[in-house]
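Note sheet for the following structure.
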Amino acid sequence: MIEENYNQNQTQFSVDEPILEKPPAPILEDVAVTQKKALPKYAYLIIGGVVFVLVILILAVINRPKEQIIDEPEIVPTPTMTQELSPIEKKLKVAEDMLEEANPTTEKYPFPPINTELRIDESR
Amino acid sequence: MKKKLLIFLAFFGFSFLIGGSLSSAVAQQVLEPVRNEEVVARERLEKEIEELKTTYRGQLTEYRDADKDFGIAKDQYNKLQTLASINKVTEAARKAFALRDQVLITYLELQRSRIIASEGIELSLKELVVKRIEVEGRWLVDHKQRVETMLDRTQFNSLADEFTEKSNDFEEASDQAAMILSLGDLQDVYDRLVLVRKDIFEIEAQSSSADRTRASKETDRMITEVKVILEKTWIELGNNIKKDKTSSFSSNKTKNLDPIYSGLNKTASFLRELLREL
């Protein structure tokens, strides 16, 4: 019994088992390629649109908490920032600005710094 | 299908462009107010003043350079006394003299335009000073023309002497202009503060308390005080201008105008307080 199972050929190794004798696997690639259908153009547009909307949504979600953080420190508005000047206040402001400009200690256009005694020869 | 889409897009874009341009044109027509001649003239004058300021600054820089060159040429002439140095100094003098005249012409023109544009100056005084400035301006234009055509060195010396003798007149005209401009500015502020006071008075008439009445009286008293000083100062300045003796008034400018300036500052702060309490 043992003798029947044991291979008597001393030159044949176990690795040389008849692997190649197994039937080759069928090539499925060609079948898959033939089965795929080309997508219509509008499908790409739809996919693009969906991706775009998703990106927008993601960006919106990312930006949302930042806005909240910015809103948190409440800036105390100064009266000049929020309150619009009334017509009388505007008139007064213009007059005050003009008064500042009209300070008599400053001269906007003094007499030009020219030499009034230019002469080629010194003696007259 | 593709063709239809393209046509639709092209039509949409075209109508958007046309619509945009049409709406902006209509909006411009609606928003642009009908400007009267006075406003147009004022705008033109303000533009002219700005241009004169720029020109004046440029000419002053040019003159300074020419004056420096003239100084160098004059030193050379005094040292060397050669024909070449005489030629050089004469040409340097021509340039410096002409630029000096031009600087003064532009300066007086600038002051003249500022006086015309000023709202706080009495018309008779305005005309008086403007005429004075124009007289000096004409003299300078003539002097500049002679400088540009003069050839002889000795004639240059006589032109230089003419200018030196006239310099007091230029300074007088400049003082007159500067003084009426300064006082005119203060008068303008006063007029505006009076208008503000009138507006406040109209609101006060509807309701008033004892405190407010007292504050209003103080403000009115201050306005009257400033008015009195202003009138007095105008009379004094007018007399000085008529006599062509504005230099002393001008050298005491701060002393003469400071009471008005402080009074106006106080009036403005009183008015602001009144407004706050309304």
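We name chains A, B, ... by the order of the sequence lines, and we start the count at 1 in each one.
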Can you check whether A:Tyr109's main-chain N or O pairs, donor with acceptor, with B:Tyr107's side chain at less than 3.5 Å? yes
Note: vs chain A, highest number of non-hydrogen pairs under 4.5 angstrom among B:Val189, B:Leu110, B:Leu257 is B:Val189
Could you check whether any side-chain heavy atom of B:Arg64 comes within less than 4.5 Å of a side-chain heavy atom of A:Pro113, counting everything from C-beta outward?
yes
Determine yes or no for a side-chain-to-main-chain donor-acceptor pair under 3.5 angstrom, with A:Thr116 supplying the side chain and B:Thr164 the backbone.
no
Okay, B:Arg57 and chain A: the region with an atom under 4.5 Å from a heavy atom over there is side chain
The interface call for B:Tyr190 against chain A, heavy-atom contacts under 4.5 Å, is neither
The side chain to side chain contact (heavy atoms under 4.5 Å, CB included) partner of B:Val196 among A:Lys90, A:Lys91, A:Glu89 is A:Lys91
Turns out that what part of B:Asp199 lies under 4.5 Å from chain A's heavy atoms comes down to both
Using 4.0 Å as the upper bound for N to carboxylate O, is an ion pair formed by B:Lys74 and A:Glu122? yes
Between the CZ atom in B:Arg197 and the CD1 atom in A:Ile88, the distance rounded to the nearest 0.5 Å is 10.5 Å
Honestly, the part of B:Ile203 sitting under 4.5 Å from a heavy atom of chain A is side chain
A:Asn115 side chain near B:Phe163 side chain, heavy-atom distance below 4.5 Å: no
For this session: Report yes if the side chains of B:Phe156 and A:Asp121 come closer than 4.5 Å at any heavy-atom pair, otherwise no.
Result: no
So, the part of B:Leu60 with a heavy atom under 4.5 Å from chain A: the answer is side chain
Turns out that what part of B:Asp175 lies under 4.5 Å from chain A's heavy atoms comes down to neither
When every non-hydrogen atom of B:Tyr261 is compared with those of A:Leu99, the smallest separation belongs to CE1-O, 3.2 Å
Looking only at B:Asn78, B:Leu186, B:Leu195, B:Asp191, most heavy-atom pairs under 4.5 Å shared with chain A are made by B:Leu186
Step-by-step side-chain contact (heavy atoms from CB on, under 4.5 Å) determination, B:Asp185 to A:Met98: CA-CA 8 Å; B:Asp185 286 347; A:Met98 285 173 73; over 6 Å; no
CG of A:Leu92 to OG1 of B:Thr267, rounded to nearest 0.5 Å, is 10.5 Å
When every non-hydrogen atom of B:Arg192 is compared with those of A:Ala95, the smallest separation belongs to CB-CB, 4.0 Å
Notebook entry, point to check: How about B:Lys266: does its NZ atom have over 12 heavy atoms from other parts shown lying under 6.0 Å from it?
Noted result: no
Looking only at B:Leu99, B:Leu159, B:Leu104, B:Thr154, the option with the highest number of non-hydrogen pairs under 4.5 Å against chain A is B:Leu104
- Is the count of non-hydrogen atoms from other residues, nucleotides or ligands lying under 6.0 Å from A:Glu100 atom CD greater than 12? no
The interface call for B:Ala93 against chain A, heavy-atom contacts under 4.5 Å, is side chain
So, the part of B:Leu264 with a heavy atom under 4.5 Å from chain A: the answer is both
So, the part of A:Asp97 with a heavy atom under 4.5 Å from chain B: the answer is neither
Between B:Tyr56 and A:Pro112, the two heavy atoms sitting closest are OH-CB, 3.2 Å
| task | State whether the number of non-hydrogen atoms from other residues, nucleotides or ligands found under 6.0 Å of B:Leu83 atom CG is greater than 12. | result | no
Output for pair (B:Ser269 OG, A:Glu96 CD), nearest 0.5 Å, gives 8.5 Å
Checked B:Lys166, B:Gln111, B:Arg153 vs chain A; the most non-hydrogen pairs under 4.5 Å come from B:Arg153
If one checks every heavy atom of A:Glu101 against chain B at 4.5 Å, the contacting part turns out to be neither
Cut-off 4.5 Å, heavy atoms of chain A, and the answer for B:Leu181 is neither
| query | Are any side-chain N or O atoms of B:Asn157 and backbone N or O atoms of A:Ile120, one a donor and one an acceptor, separated by less than 3.5 Å? | reply | yes
* Around B:Lys227, counting heavy atoms of other residues, nucleotides and ligands shown, do more than 12 lie under 6.0 Å from its NZ? -> no
